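Residue numbers start at 1 and run along the sequence shown. The shown structure was predicted, so the numbers you read here are calculated from the model rather than taken from an experiment.
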Amino acid sequence: ALALPCDLAYREEATGMWGQPVAPEPSAGPLARYLERLPEVAAMHHSLQWPLLTDCLACFLIVAYFSTELRAWHKAEYEKVFWLGIGLYGGARVSNVLELTLPFTVFVILLGAQVADVMEGYVRDWVSLRIFSNSMRALREKEARHWIRVFSDSVGSIEQGTLRGKSFRLKEIVERMSKSKGRGSTALLSWLLNRHKRGQEEIHDIIVNATPPELNYLLSFVNCGKLAYVASKHTFCYLLGNAAGWRATGARLDELSLEVKAFVLDGLQRVGIIMSNSKQMWTRNILLSTKGSDIAIMKAIMDSRGDWHSMHKLVFYDLRGSWKSEVLRHLHSEGMTSRLKWTKIVSDVDDTVLCSGGLWPAGIDRRLPKKAMYPGAGTIFLEISRHCSSFSTIPEAYRPFFESSSLIFLTARPKAYKGMSEIYSYKNLVGPMKKAGLLQEQEPVILSGRLGSAFQVLLQAAFARLFRNKKGTMPRGTAIWTPVADKKAECMQEYMAIYPECDFVLFGDNGQGDVLCSELLMERAGFRADSSPLRSFSIRASLMHNVRDMSETLSKFLPPSSVEIPREWDAMSILFFKTYIGAAVEGFSLGLLDLGAVVRVSCKVVVELMVLVAWYPETWRGWEGYYEDVIEDMKQVKNLVFRDKGLEDKVEDL
């Protein structure tokens, strides 16, 4: 009944007024229907196409910007303009999606620009210009007190107030200009109109009219990174010289003390050397003016800052072209004649210092909880460095910097934009270790891997899982880690070129490519199978944490499915251990530790093991296996102690 009216209407419409059938109109073809709808489709497609294209373009620009950190457009001024533009575009897109009215659209666009400006300022102030190291901050304070005493002794204590007033004035100008240059559109306007000229002239007058004690005090008191950020090029040329050198131009570089030179060099690196030829020139002048034992002390100070800035980054990342070549030649020539010998510890992170918990690609060891530090690791690092460097002629005032910079973390984790991965490593790896007292007084230097080798490993792993092994296990020998091992060896070679006066002890594991990395380093240093056993290499030993079956170790000298230890490993001093008690025993056999240090490491391992047992009472299920490895290695220590009459009192503790 409901369908009847519709049916009647249809029949009436189809039969016409007099009941005669009416021929239906010919239906339009597909082409005609497409042409009819073409304006509507084009309008809708046009409304969707341009936002999509602009979004893709913005994403492409951001990715390209992050991946081209070495280009000229990463200067501070250009960087500020770029992020300001990205913020404006982000605000415009948000307002377009939300279909806001004009006043709210303007507000959201300005808000996006402000957010981008805050983020850029955070990266600059808290990542680049901030001083992280307590030792560096303490050295600045100590140097400032020293020079204020020198000034008071030379001119009297009355004039001390004038100098302190100048230092406060200089710091105030630097802080004000630093904040002003970091305020997005305000900074851009100031840069275009050159509104900072008056402050730069006042800074220049204070520097020019300062006597040598005053100059050293002022540069110790003020943040040299912010000073390099706001001062004029003319001021730093007056201090550090130009391309012709520093003596030919009458610069005051020779009036600066070693510590003040380190402060200025630290400030230049933090503000960014790579984008400025003048800053590279000043860096070259500072390093070439430092010779003999002073260059070794400066390298120790620069490597004990507790962040991603280091001598390796300065030489191989910040410097370019002829500046880099000159500095490398100078460091090598001065290092070969240096009397300040020191031994550095180079260690992998995952499954060597921190347990990965079996989480790939970090590692495979499941004996300890994830991110737990292996008991005794920090203690043995410091003990080896101190024992091997006990006869060094380093002045006692600078020995803490050598001890602090004696640990290097050589990791496969790729470097990120502005050192974000290194900062993450310090915050999430080194920070908890230091708070727990596991790293003693050390400020590790982090040498990161390359992003390309990391992608190569991931692609090879995906290929192996999809096509080579249906069961999901990795191929024999973890051969996918070969490019990472090669990049690690290349990075370590660069670091060794900066420190030709140092010996190195390597720590790693056989879960990935650390054994192959050690083999490559020894071969590139001139090792051959028929090398004389009396020949010495800068790499004294390689101690490898045994976390997988020995037959699956990635090595150039280990045949497939072989269980025999290659003789090349013995010649290269590549040894394996289960716990750091075993590592101490192996170190004792190589002369890296004395027996007292072995006992101290063993006792520290037991104490830290008990800490882990109490720390992870429920999540750590397999502690019995690690406990058995500790007991087996402890038996070796007891046998060594029984042979030494002077350590009989330690037997009960063991």
Chemist: Are the charged groups of D294 and K261 less than 4.0 angstrom apart, N to O?
Modeler: no
Chemist: Please identify each residue that fulfils side chain to side chain contact (heavy atoms under 4.5 Å, CB included) with L328, with sequence neighbours left out.
Modeler: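 Expected list: V315, F316, K324.
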Chemist: Please report the closest heavy-atom contact between K344 and C502, naming both atoms and the distance.
Modeler: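 Between these two residues, the closest heavy atoms are CE-SG, 4.1 Å.
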Chemist: Using a 4.5 Å cut-off on heavy atoms from C-beta on, say whether the side chain of D365 contacts that of H545.
Modeler: yes
Chemist: Please report the interatomic distance CG(L592) to CD1(I345), rounded to the nearest 0.5 Å.
Modeler: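 Those atoms lie 7.5 Å apart.
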Chemist: Does a side chain donor of either S405 or D303 reach within less than 3.5 Å of an acceptor in the other side chain?
Modeler: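 Short answer, no.
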Chemist: Working to the nearest 0.5 angstrom, can you tell me the gap between Y499 OH and L331 CG?
Modeler: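 Answer for the OH-CG pair, Y499 versus L331, is 9.0 Å.
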Chemist: Should K556 and E523 count as an ion pair when the cut-off is N to O under 4.0 Å?
Modeler: yes
Chemist: Got a second to check how far I384's CD1 is from R540's CZ, nearest 0.5 Å?
Modeler: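 One finds 9.5 Å between CD1 of I384 and CZ of R540.
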Chemist: Would you sort out whether V607 and M610 count as a side chain to side chain contact (heavy atoms under 4.5 Å, CB included), showing the intermediate values?
Modeler: CA-CA 5 Å; V607 171; M610 295 300 101; 6.0 Å; no
Chemist: Salt bridge check, E396 against R399: does any charged N sit closer than 4.0 Å to a carboxylate O?
Modeler: yes
Chemist: Among V606, T579, V585, which residue meets the side chain to side chain contact (heavy atoms under 4.5 Å, CB included) test with M634?
Modeler: V606
Chemist: Can you tell me how far CG of L506 sits from CE of M522, rounded to the nearest 0.5 angstrom?
Modeler: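 One finds 9.0 Å between CE of M522 and CG of L506.
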Chemist: Is there a side-chain contact between L516 and S555 in this structure, where contact means two heavy atoms from C-beta onward sitting under 4.5 Å apart?
Modeler: no
Chemist: If I take atom CE from residue M492 and atom OG from residue S538, how far apart are they, to the nearest 0.5 angstrom?
Modeler: 7.5 Å
Chemist: Are any of the side-chain nitrogens in E383 or R386 under 4.0 Å away from the carboxylate oxygens of its partner?
Modeler: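 No, this pair does not count.
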Chemist: May I ask you to decide whether K299 forms a salt bridge with E501, counting only side-chain N to carboxylate O separations under 4.0 Å?
Modeler: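 Salt bridge: yes.
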Chemist: Of all the heavy-atom pairs spanning S518 and M544, show the shortest one and how long it is.
Modeler: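 Looking at all heavy atoms of both residues, the shortest contact is OG-CE, 3.0 Å.
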Chemist: Show your working on side chain to side chain contact (heavy atoms under 4.5 Å, CB included) between L268 and I286 and close with a plain yes or no.
Modeler: CA-CA 11 Å; L268 290 173; I286 292 175; 4.0 Å; yes
Chemist: Determine, for R524 against D486, whether the closest basic-nitrogen to carboxylate-oxygen distance falls under 4.0 angstrom.
Modeler: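 Result for this pair is yes, salt bridge flagged.
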Chemist: Locate the shortest heavy-atom distance separating A296 from F402; write the atom from each residue and the value.
Modeler: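 Taking every non-hydrogen atom into account, O-CZ, 3.7 Å.
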Chemist: Could you go step by step and tell me if K578 and D633 meet the side chain to side chain contact (heavy atoms under 4.5 Å, CB included) rule?
Modeler: CA-CA 8 Å; K578 280 284 190 179; D633 290 338; 4.2 Å; yes
Chemist: In chain order, what residues pass the ring pair (Phe, Tyr, Trp, His ring centres under 6.0 Å) check against F401, with sequence neighbours excluded?
Modeler: none
Chemist: Any salt bridge between K291 and E334, counting N to O under 4.0 Å?
Modeler: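 No, K291 and E334 are not salt-bridged.
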Chemist: Of all the heavy-atom pairs spanning F381 and S347, show the shortest one and how long it is.
Modeler: CZ-OG, 3.6 Å
Chemist: Write down the atom of M373, the atom of L368, and the distance for their closest heavy-atom approach.
Modeler: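 Closest heavy-atom pair between M373 and L368: O-CD2, 4.1 Å.
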Chemist: Just so I know, are the side chains of T343 and F504 near enough to count as touching, which here means a heavy-atom distance under 4.5 Å?
Modeler: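 Contact flag for T343/F504 side chains = no.
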Chemist: Taking side chain as C-beta onward, heavy atoms only, is E403 less than 4.5 Å from P400?
Modeler: no
Chemist: Would you indicate whether the side-chain heavy atoms of Y580 and F507 approach each other to under 4.5 Å?
Modeler: yes
Chemist: Which distance, rounded to the nearest 0.5 Å, do you find between the OH of Y398 and the OG of S293?
Modeler: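 With rounding to 0.5 Å, OH (Y398) is 11.0 Å from OG (S293).
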Chemist: Looking only at heavy atoms, which two atoms of I574 and E519 are closest? And how far apart?
Modeler: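 Smallest interatomic distance, heavy atoms only, reads CD1-CG, 4.0 Å.
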Chemist: Within the side chain of T352, is there an N or O that forms a donor-acceptor pair under 3.5 Å with the backbone of V349?
Modeler: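 Checking the backbone N and O of V349 against the side chain of T352, no donor-acceptor pair under 3.5 Å is found.
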Chemist: Any side-chain heavy atom of I498 sitting closer than 4.5 Å to one from H332?
Modeler: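 A side-chain contact is absent here, since even the closest heavy-atom pair is not under 4.5 Å.
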Chemist: Is D266 paired with R270 through a side-chain N to carboxylate O contact shorter than 4.0 Å?
Modeler: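 Looking at D266 together with R270, the answer is yes, because their closest N to O distance falls below 4.0 Å.
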Chemist: Would D509 and R548 pass as an ion pair if we require N to O under 4.0 Å?
Modeler: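 The answer is no: the pair does not qualify as a salt bridge.
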Chemist: Contact between K313 and D318 at the side-chain level, heavy atoms closer than 4.5 Å - yes or no?
Modeler: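 Result yes, sub-4.5 Å side-chain heavy-atom pair found.
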Chemist: Could you check whether any side-chain N or O of T553 sits under 3.5 Å from a backbone N or O of M550, counting only pairs where one atom can act as donor and the other as acceptor?
Modeler: yes
Chemist: Treating H312 as the side-chain partner and E494 as the backbone partner, does any N or O pair qualify as donor plus acceptor under 3.5 Å?
Modeler: no
Chemist: Aromatic rings W569 and F576: how do their planes relate, parallel, tilted or perpendicular, breaks at 30° and 60°?
Modeler: tilted
Chemist: Is there a side-chain contact between V346 and Y495, using heavy atoms and a 4.5 Å cut-off?
Modeler: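 SC-SC contact between V346 and Y495 ruled out.
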Chemist: One pair to check against side chain to side chain contact (heavy atoms under 4.5 Å, CB included): V353 and D348. What are the steps and the verdict?
Modeler: CA-CA 7 Å; V353 177; D348 182 39; over 6 Å; no
